[in-house]
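For reference, the structure is listed below as structure tokens.
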Amino acid sequence: MAGRFAPRHPRADVRGGIPRQGLAPGRVRVWVPDGPLELGLVLGPLRRGPGDPTFRPTPDGAVWRTSRTPAGPGTLRVSARGGEVRGEAWGPGAEWLLEQLPRMLGADDDPSAFVPRHRLLALTRHRRPGLRLTRTGLVMESLIPSVLEQKVTTLEAYQAWRILVRKFGEPAPGPAPGRMCVMPSARTWALIPSWEWHLAGVDDKRASTILRAVRVAARLEEAAGMEPAAAQARLEVVPGIGPWTSAETVQRSHGAPDAVTVGDLHLPGIVGFALGGDRYADDAEMLRLLEPYAGQRHRAARLVLLSGRVPGRRAPRMAPRGIERI
């Protein structure tokens, strides 16, 4: 059983939903990157679907994010103009988010380390020079949604993340766009009752994995200071977290350029088709094709996905299972 009672949500005593905060000015940091930077490409992997309560792009080109930092919850607005990046943050985690801003936007990443061996990747890199690998420095905020994505459709996973964060998270600090929330704390995740996981469409296996992870959340967050391979090894000590989940996590928390995702349903066929003309490639064949990019295999896979060279669909899209109706 995932928990014995439902934690009281902050909005429970507020008629009409989450109270909006005043338009108080946030803390500001301006940073100048040392090369091209495209916010959508860099921060896009942090978005878990179009309804993600922790991520919101706005028509003015800015990106809003919420995070549960070591200093507490925070909201960050990032915008780019004229070669400058402006970050504005609110909440107890504001200073931490602004300190992390350059790394989150790829300051520690070295795109020049990638040497294309395929014409397709060379052309894609030329067309998308603003690609950098984000590094959030936060493990749990990438680990939990990655666990939710295990062996289900992306629609199911995104829906579960949206339902759980909105129901058990807390309102975003500052003047964030409507319905943005900060993901729940480790303790709150641990107290979510079994029926709430079920109503969100999360089976017992994934729910149990998340519960095991949040019980050792402090130890897992320590992995943010480790090398990616060591961080993956620590994550995989938790039963239910395997190479697929650990790679998906460190790609975001560490900006790991070589953390290629294995065990994925679609990626081997996409990489196999783009680099070798083999739409039925398996993990072994994908790794063989990516071998020339050792040290940069994740970046190579990102460029493959950005190239648009993907095999046509040969079967109907997998339908969501809807376990909440069982």
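Each residue takes its place number in the sequence, starting with 1.
- In this structure, I192 CD1 and W197 CH2 are separated by 4.5 Å, a value rounded to the nearest 0.5 Å.
- Taken from CG in D203 to CG in L148, the straight-line distance is 9.5 Å, to the nearest 0.5 Å.
- Within the structure, salt bridge (charged side-chain N to carboxylate O under 4.0 Å, His left out) contacts touching residues 129-138 (residues at least two apart or in different chains) are D34-R132, D108-R135.
- Inter-residue side-chain proximity for V202 and V152 is flagged as unmet; no heavy-atom pair is nearer than 4.5 Å.
- At least one donor-acceptor pair closer than 3.5 Å links the side chain of R29 to the backbone N or O of L98.
- At least one side-chain heavy atom of L235 sits under 4.5 Å from a side-chain heavy atom of V139.
- A salt bridge is defined here as a Lys NZ or Arg NE, NH1 or NH2 lying under 4.0 Å from an Asp or Glu carboxylate O, and E88 with R86 meets this definition.
- Under the 4.5 Å side-chain contact rule for hydrophobic residues, V182 and W161 do not share a cluster.
- In terms of modelled atom types and a separation under 3.5 Å, the side chain of E221 and the main chain of M140 share a donor-acceptor contact.
- Residue P173 comes nearest to G91 through the heavy atom pair CB-CA, 3.6 Å, listed as atom of the first residue, atom of the second, then distance.
- For T54, the side-chain hydrogen bond (donor to acceptor under 3.5 Å, both in side chains) partners two or more places apart in sequence, or in a different chain, are D52.
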Could you go through the side-chain contact (heavy atoms from CB on, under 4.5 Å) check for M180 and T75 one step at a time?
CA-CA 9 Å; M180 287 196 73; T75 300; 5.6 Å; no
Verdict with supporting geometry, L101 and L76, side-chain contact (heavy atoms from CB on, under 4.5 Å):
CA-CA 9 Å; L101 180 66; L76 176 68; 4.2 Å; yes
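- Looking at every heavy atom in both residues, Q159 comes nearest to A200 through NE2-O, 4.4 Å.
- The hydrophobic cluster containing L138 also contains V63, counting ILVMFWY residues as joined when their side-chain heavy atoms lie under 4.5 angstrom apart, directly or transitively.
- Formation of a donor-acceptor pair under 3.5 Å by the R234 side chain with backbone atoms of R219 is found in this model.
- For the pair R48 and F55, the cation-pi criterion (under 6.0 Å, within 45° of the ring axis) is not fulfilled.
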Can R309 and T124 be said to form a side-chain contact (heavy atoms from CB on, under 4.5 Å), step by step?
CA-CA 10 Å; R309 183 172 173 78; T124 305; over 6 Å; no
Could you go step by step and tell me if E248 and T261 meet the side-chain contact (heavy atoms from CB on, under 4.5 Å) rule?
CA-CA 7 Å; E248 289 286 312; T261 303; 2.8 Å; yes
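- Remark: L287 CG to D282 CG distance equals 9.0 Å, nearest 0.5 Å.
- In this structure, R56 contributes its side chain and G178 its backbone to a donor-acceptor pair below 3.5 Å.
- Of all heavy-atom pairs spanning Q232 and A247, the tightest one is NE2-N, 3.5 Å.
- In this structure the side chain of R68 never reaches within 4.5 angstrom of the side chain of E141, judged on heavy atoms.
- Using a 4.5 Å heavy-atom threshold, the side chains of Y293 and L303 count as separate.
- For the atom pair H298 NE2 and Q251 CD, the distance stands at 4.0 Å (nearest 0.5 Å).
- Under the 3.5 Å distance criterion, the side-chain polar atoms of S146 are left unmatched by any main-chain donor or acceptor of T245.
- Two residues are said to be in side-chain contact when any heavy atoms from C-beta on lie closer than 4.5 Å; V260 and M286 meet this criterion.
- E291 has no carboxylate O lying under 4.0 Å from a charged side-chain N of R288, or vice versa, which leaves the two without a salt bridge.
- In terms of hydrophobic clustering, with Ile, Leu, Val, Met, Phe, Trp and Tyr side chains grouped at heavy-atom distances under 4.5 Å, W96 and W31 are assigned to a common cluster.
- Considering only heavy atoms from C-beta on, L131 comes within 4.5 Å of R302 through its side chain.
- You'll find the side chain of L97 reaches within 4.5 Å of the side chain of S67, heavy atoms only.
- Smallest separation of non-hydrogen atoms from G61 and L39: O-CD1, 4.1 Å.
- For the residue pair V250 and P228, the shortest heavy atom distance occurs at CG1-O, 4.2 Å.
- Clustering ILVMFWY residues whenever any of their side-chain heavy atoms sit less than 4.5 angstrom apart, transitively, puts L121 in the very cluster that holds L267.
- Taking both residues in full, the closest heavy atoms of T136 and S253 are given as OG1-CA, 3.4 Å, listed atom of the first, atom of the second, then distance.
- A distance of 9.5 Å separates OG1 in T249 from CD in E236, rounded to the nearest 0.5 Å.
- The distance from the CZ atom of R252 to the OG1 atom of T134 is 9.5 Å, given to the nearest 0.5 Å.
- Within a 6.0 Å sphere centred on CD of E227, heavy atoms belonging to other residues, nucleotides or ligands number 12 at most.
- Classification of R206 and E156 as a salt-bridged pair fails, no side-chain N sitting under 4.0 Å from a carboxylate O.
- Residues satisfying the side-chain hydrogen bond (donor to acceptor under 3.5 Å, both in side chains) test with R27, not counting sequence neighbours, are E95.
- The cluster map of Ile, Leu, Val, Met, Phe, Trp and Tyr, joined by side-chain heavy atoms under 4.5 Å apart, puts L41 and V304 in the same cluster.
- Contact annotation: the side chain of P145 never approaches that of Y158 to less than 4.5 Å [non-hydrogen atoms, C-beta and beyond].
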